[in-house]
Number of protein chains: 2
Amino acid sequence: MLNQQPSLDLTFQALADPTRRAMVERLTQGSATVSELAQPLPMSLPAVMQHLAVLEASGLVRSRKVGRVRTCQLDIQVLRETERWLNQARLGWDRRMDRLGAFLHAIQLPQRQEDDTDS
Amino acid sequence: MLNQQPSLDLTFQALADPTRRAMVERLTQGSATVSELAQPLPMSLPAVMQHLAVLEASGLVRSRKVGRVRTCQLDIQVLRETERWLNQARLGWDRRMDRLGAFLHAIQLPQRQEDDTDS
DNA sequence: CTGTTGGTTAAGCATGCTCTTTAGTATCGT
DNA sequence: ACGATACTAAAGAGCATGCTTAACCAACAG
């Protein structure tokens, strides 16, 4: 059930870099041109372009070029799918904890009763 | 507000590898020894150890050694924080969409009225 | 047409990642 | 004590990443 998307690799990889996360955070505030994305970042424009390429390869960001200006925007879908994987993983853990709790509860009460009858 | 944790780098990096995600998924089902983690994986034990080291460095997994057996378990906390970053990012986007929707709604009704008065 | 702006390509380099093999070191069962 | 088990440490091959600089191109502005 989990791990159906081969692009989870690309998405997590994309989000593993602080520069790219900063770009994503910027894009949650609305679409931006390449220059606008690059402006606060302490690196050359080509470096930013390469980060952008990684983000686009993962599907997190889409961009269109009009005239000589390329405008980028977030694609929320991939973000959701990634969120979902984490959620599923945590949910599996939670369910296990519930079962474990129920199990402990089920065997510990009888033990208590044994202790009571022993003492 | 976002991006406070330097360990987001390590966490996303850790989750970017399918082998490590498989290990995490296995660990949602309960703790496991190194050999148990390695058993379904198509690689040498040292390779698995290295993946485990990455997972431990990120804080996603903790492990203790008893005798000659090392037992690993998930630390849900880091998973939660990562989930939270994604959630925050998506929430920022959602809020923006809401504002945008409200804005469009606010200016489009007056425009309609203008159209109405013009025609 | 000419210069400037916004972006793109390519090459190169340092570093990091993933896996391997080889060679260990502790335990544990008998 | 001795072999088997479970892991660990070290070193290296080979490819991927994250930058850089140096060109280059296409679209506008005057």
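Values in this document were obtained by computation on a predicted structure and should not be read as measured data. Labels below follow one simple rule: chain letters A, B, ... track the order of the sequence lines, proteins then strands, and each chain is numbered from 1.
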Exercise. Is there a side-chain contact between A:Leu86 and B:Trp85 (heavy atoms, below 4.5 Å)?
Worked result: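 They are not in contact (no side-chain heavy atoms under 4.5 Å apart), so the answer is no.
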Exercise. Is any side-chain heavy atom of A:Arg90 closer than 4.5 Å to a side-chain heavy atom of B:Leu74?
Worked result: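 Not touching, per the 4.5 Å side-chain cut-off.
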In whole angstroms, how far is the [atom2] atom of [N] from the [atom1] atom of [X]?
X	N	atom1	atom2	result
A:Leu45	D:dT20	CG	P	11 Å
B:Gln13	C:dT15	CD	C1'	13 Å
A:Asp9	D:dA16	CG	P	14 Å
A:Arg20	D:dG18	CZ	C1'	9 Å
B:Leu15	C:dT18	CG	P	12 Å
A:Arg70	C:dT9	CZ	C1'	13 Å
B:Phe12	C:dC17	CZ	P	17 Å

Problem set entry | Phosphate contact (D:dC19 OP1 or OP2) by A:Ser44 side-chain N/O below 4.0 Å |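 Indeed not, no polar side-chain atom of A:Ser44 lies that close.
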Exercise. Has B:Lys65 got a side-chain N or O lying under 4.0 Å from the OP1 or OP2 atom of D:dT8?
Worked result: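 Answer is yes, contact under 4.0 Å.
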For this session: Report the nucleotide, chosen from D:dG18, C:dC19, D:dT8, that has the shortest atom-to-atom distance to any side-chain atom of A:Asp17.
Result: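 Closest nucleotide to the A:Asp17 side chain: D:dG18.
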For this session: Ignoring the backbone of A:Pro46, work out which of C:dT9, C:dT5, D:dG18 is nearest its side chain.
Result: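 Looking only at side-chain atoms, A:Pro46 lies closest to C:dT9.
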For this session: Any chance you could measure B:Ser58, atom OG, to B:Gln13, atom CD, to the nearest 0.5 Å?
Result: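 Rounded to the nearest 0.5 Å, the OG-CD separation comes to 10.0 Å.
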Problem set entry | Atom pair OG/CG of B:Ser63 and B:Leu52 - distance to nearest 0.5 Å |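 That separation rounds to 5.5 Å.
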For this session: Please work out which residues in residues 48-59 of chain B have a non-hydrogen atom less than 4.0 Å from an atom of DNA chain D and list them by number.
Result: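 The answer is B:Met49, B:Gln50.
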Are any side-chain N or O atoms of [X] and backbone N or O atoms of [Y], one a donor and one an acceptor, separated by less than 3.5 Å?
X	Y	answer
A:Arg20	A:Ala14	yes
A:Thr33	A:Glu36	yes
B:Arg62	B:Gln73	no

Problem set entry | First encountered from the 5' end of DNA chain D, between A:Thr19 and A:Val66 |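 The residue whose closest nucleotide sits nearer the 5' end is A:Thr19.
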Problem set entry | No-H, no-angle donor-acceptor pair, B:Arg68 side chain to D:dA6 base, under 3.5 Å |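 When only heavy-atom distances are counted, B:Arg68 does not reach the base of D:dA6 through any donor-acceptor pair under 3.5 Å.
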